[in-house]
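Computed from a predicted model, the values in this text were never measured in an experiment. Hydrogens, waters and symmetry mates play no part in the numbers below; they use all other heavy atoms, side chains included. Each chain gets a letter, A, B and so on, in the order its sequence line appears, and its residues count up from 1.
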Amino acid sequence: MKLKRDPECTSCRLHETAEHVCLLGTGPAQCDTMIIGEAPGHREDDSGRPFVGPAGRLLREILDDVGLDDKKIFITNAVSCRPPKNRHPSTTEIKACRTWIQRQIEEVEPSFILLLGNTACQSVLGKKGITKLRGRAITEDGVTYVPAFHPAAILRDPTKQATLEADIKLFRDLSQGRSNKQEGFNPISVDTPQQFADMIKDLNGTVSFDIETTGLYPWEKGARVQSIGFGTKTTQWSVPLEHHTHRPWPTKLHRTMVRHIGRRLRDCSVVAQNGKFDCLWMWVHYGVRWEISFDTMLAHYALDENDRHGLKYLSQVFYGAEDYDLNPINAEWPEMYIYHCWDLYYTRRLRFTLGRKLNEDPTVKAVFQHIIMPCSELFLDAEYNGATIDLTQFGEADKYLTERIAEAKHKLLTCGEECGQDWSNVNWRSPQQLAKILFEDLDVKVLNPSKDDLTKTGNKSTGESVLKRVQHPIAQSLLDLRGANQQMSFFIKGWEPFLDGNLLHPNFKIHGAVTGRPSCQHPNLMQVPRDSRIRSLVTAEPGWEFIEADLSQVELRIAAELSGDERMLETFLKGEDIHWQTAIREIARTGDRADLVISTAEKLEPSNPSCSEYGEAIQVLLRHGPKAAIKINPAWKDIRKKAKATNFGYLYGMWYKKFVTYARDNYGVTVTEAQAKASRSDYFNLYKELLPWHKRQIRFVREYGYVTTLTGRKRRLPAALAKRDSWERKAAERQAINSPVQGFAAEWNLMAAIQLRDEYRRRDVKILGTVHDAILFRVRKEMVEEVVTRVLKIMERPKLLDRFGIKMSVPITAEAAIGPWSQGKELDEWLASR
DNA sequence: GATGCATGCGCG
DNA sequence: AAAGCGCGCATGCATC
C-alpha cells in the first residue's frame, strides 16, 4: 500500500496513550473486499497487525467457515490508535480518524465493506445503532456496506454468534456476486397500444403485481391510482393511469384495460407484497376483485414474525438492493416508473426465495397456505364491506361526550377556586403540568404508594392507578375528563376522517401481532369501548342485522387442552363457568363476604335449610352459576370480573406481588403479600397441571428457541436461548406460555371466519372484521336464523382443523348477539321480539 | 416541520 | 426477582 501511516499523528488525544500511533490495515494493496473493525487492541498494538486478539481469532474462524479467505481481504479499523483500557473511542476520536479510514478506502477501492460494530458504522456510514443496522446491506455510491456485530460482542454474548455468521454469509454472497445481480431488470413504461399488447402477451406464469397510489386510503377524497404494474420473468411493465403529469391513456379506457389484464391474470400465479392493499384499491376504483396467490409480506411474516416485512427492507436483506425509495405521491413519471418496476422486480424475486424457505418448513408453509393467505381474502372483503355507522346516534354521542368534558372541566375550575388556585390556563393532558399541580401546588399524598408510582423516567406518575388513590376531589374529575377526552378524540374526531358515507373501512393487518393475531388500524375497530353509547354506533343498514359471534372463554379452554388439566377440562365439559369457579373458590378460601354468600344462597334455594351455613352456601353458588347469582345481587358481576382477570393473570405467569397492586387498582381491595401468595398457590393447587405445563413450555423454548401453536405456527423466541438468566429470558419464557394459547385462539377464530366467508355469498353475509375471539358481520334479515345457527356450528368446529389433524378434548362453544354492537340479543330472544 | 420516545388508556 | 400476554392511538415533549 502506498499510503503511509503517520506515527507522529496528533489529531486526537489517543496518541498520548497508544503505544503505536496510527496503525493502518493490512491486506492486498487493491481488492474488492474490506473489513473495518473498531480500533486496535493491545495485541495489535504490539504486533502492528489488526485482528490478532481473541476477537480477531473468532472473526478469522467465521471467515474460514463461510469460505472467505482473510488473506484476500483488506482488514483495518475505524480508529487507528488503541484507546486506553476499558474505553471505546469517543465520537471526537472517531471523527478525527475518519480521514485515515477514508484514505484507506480510496486506496484499496473495495466494492464491499463489512462494518463490525457501532464504531465502524458511525465512522463510515455516520449512523449508530448496530442492532437495527445489521442484517442488511446498504449501498452508497457504488459501495455495498454490510453492518454486523463486532466479534468482541459475541465474546460477551455468545447467543449473537449465529447472527454474526449470517451477516458474514450475506457479505460473502454479495461480494461473490451470488445474489445482488439484477438480471432480468428490464423496466418498461407502457405508453402505447403496441406496448400494452406486448405486456398482455407477456403475462404468463408467475406475475408480480403492484400499484402506485396517491395515498393509503382508497376512499379518501381525490384518491387516485397512479399506475398499475406487472413483473414477469423478463420484464417489468408499469402502466400509467392517473399520474399527475404523464397520462398517455384516456380515463375512459382505464376500466377496459383493467378488465383485459384481469382476464389474463386468471391464468397466472399472481404475487404481491401486501396484495390486499392493491386489490382493495382495484376493487374500489375499477370494480374488479383480483386474487393474490402468494403474498411476499405475509410469507415473510410466517417465516419470521419478529422481523420487519417491508419490501425495501426485504430487498436489502435478501439481495443487497440499493435504497431505491422515493416519495411516490409527487414523483415525476420517469423516476416513478423505475421505482415501480423495482418493486415489481423484487416482489417477484422474493416469491421464489421465500417459497424455498417455506418448503424447508412444511408446517409453517401449511399455516401460510391454509390460514394466512385465505385471511388476505377474508380481510379484503371485510375492508371493502366496512362497518356501518349509525350517523344519527353518532351526533348524539358527540353531544354526550362534549357535555361530559365541559362538566369535568367546570368541576376542576371550581375545585381550583376553592383551593385558592387559578387553573384556567392548565393543560390537563400534560403529565408535567398535572404532576406539578398535584404533587407541588396541592402537595397531595397518595394512599399506599408503591414503587410503580414512578414512571420509567423517574417522574411521578399521574396514571389512573395513582389518581384513583389520590385523596383530593379533583382526582375523580381528572379521570372523568381523561376518559371523555379520549373517547372523543378516538371515536368521534378519530373516525370522522375515515367515514365513507356511513361506512368505516378499517385496515386489518394480518401480520400485526407476533402471536398470529391480526391487528387493526385506521381506525382500530378492535379498541372501540364496550360502553354501549359508543359501541352501538356500529350497526347494520336497513334490511340487515349486525351480528357479533364470539368464542366463549376460548383462551382458557385452549389452556385446559394444552395443559391437560383435569379440573379445568371437567369444568368445561360440564358446561360450567370457569371465572365463576375461580371467584367462588377464592371467596371460600378466604371466608370473605359471608353475608353476601349466605343471603344469595338463601334466595337461590329458599327451601334448602342449610343455606345459612357458609360451606353449603358456597356449594349452592357453585351449582347455580353466575347468571342466577347476578340476578339476585349485581355485586356478583364485579366479583366474577375480578376472577376473570385473576384467571388470565396467573395463567400467563403473573407474580403474586403484581396481584397486590392489581387488586388494589381495580377493586380497591387491600391484599397483603401473604394473602396474594396464598391466592396464587391456591390457584395452582386447584389447577394442578398448569405449572407442569408452564415448565414444559419453558424447557422446550430454552432448548429450541421457539414454540408452536397446534397448527404448527411458530413463535420464535431467541431470547430464551440465553445461557444466563435475565429479565429478557424470563419475558421470553412467559411469551412461550402465552403465545401458543393466544395464537391458537386467534387461528381458531380465523378458521371459522374463513369458512363463514366461503359458505355464503357477499350479498347475504358481509363480514366486516374479527376482534380476536369474535367475528363481526352483517346478515340479510331474512337469513338471520339460518346464518346464526350455522356460524355457531362453524365456530364450534371449523373444518380446517381436519387439515391440521387437530383433535380437541375440550369443547369450544360460541354465542351470537343480533342487533347493534353491544346491544345484541340472543337468537331466541331476537326471534321472539320480531 | 418531521421524527422518536414516553405516557396513558382503549380493546382482547 | 424490573416475573401476565398481545395490540393502536392521541398527546406531550425533546430533538434534529
Item to check | Contacts of A:Glu464 that satisfy salt bridge (Lys or Arg N to Asp or Glu O under 4.0 Å) - sequence neighbours left out | outcome: A:Lys468
Dump every N/O contact between nucleotides 2-4 of chain B and the protein below 3.5 Å, one line per pair.
none

Next on the checklist: A:Asp304: which residues meet the salt bridge (Lys or Arg N to Asp or Glu O under 4.0 Å) condition with it, sequence neighbours left out?
Outcome noted: none
Every protein N/O lying under 3.5 Å from an N/O of nucleotides 14-16 of chain C:
none

Checklist entry - Residues two or more places apart in sequence or in another chain: which of them pass side chain to side chain donor-acceptor pair (under 3.5 Å) with A:Gln486? => result none
Checklist entry - Which residue pairs pass the side chain to side chain donor-acceptor pair (under 3.5 Å) test when at least one of the two sits in residues 693-705 of chain A, sequence neighbours left out? => result none
Item to check | With sequence neighbours excluded, residues passing salt bridge (Lys or Arg N to Asp or Glu O under 4.0 Å) with A:Arg640 | outcome: A:Asp577
Checklist outcome for this item: Applying side chain to side chain donor-acceptor pair (under 3.5 Å) to A:Thr770 and not counting sequence neighbours gives none
Checklist entry - Taking only residues two or more places apart in sequence, or in another chain, which ones meet A:Glu689 in a salt bridge (Lys or Arg N to Asp or Glu O under 4.0 Å)? => result none
Next on the checklist: Please tell me if A:Thr462 has a side-chain N or O lying less than 4.0 Å from either OP1 or OP2 of B:dG8.
Outcome noted: yes
Checklist entry - Quick one: which of C:dC9, C:dC5, C:dA2 gets closest to the side chain of A:Asn738? => result C:dC5
Checklist entry - Residues in side chain to side chain donor-acceptor pair (under 3.5 Å) with A:Ser536, at least two apart? => result A:Gln393
Next on the checklist: With ring pair (Phe, Tyr, Trp, His ring centres under 6.0 Å) as the test, pick out the partner of A:Phe659 among A:Phe648, A:Tyr650, A:Tyr683.
Outcome noted: A:Tyr650
Checklist entry - Quick one: bend of the helix from B:dG1-C:dC16 to B:dG12-C:dC5 from 5 pairs per end, to 10°? => result 0°
Checklist entry - Which one, C:dG6, C:dT11, B:dC11, comes nearest to the side chain of A:Arg429? => result C:dT11
Checklist entry - Does A:Asp682 have any side chain to side chain donor-acceptor pair (under 3.5 Å) partners at least two apart in sequence or in another chain, and if so, which? => result none
Checklist entry - Below 3.5 Å, does any donor atom in the side chain of A:Gln735 face an acceptor in the base of C:dC5, or the other way round? => result no
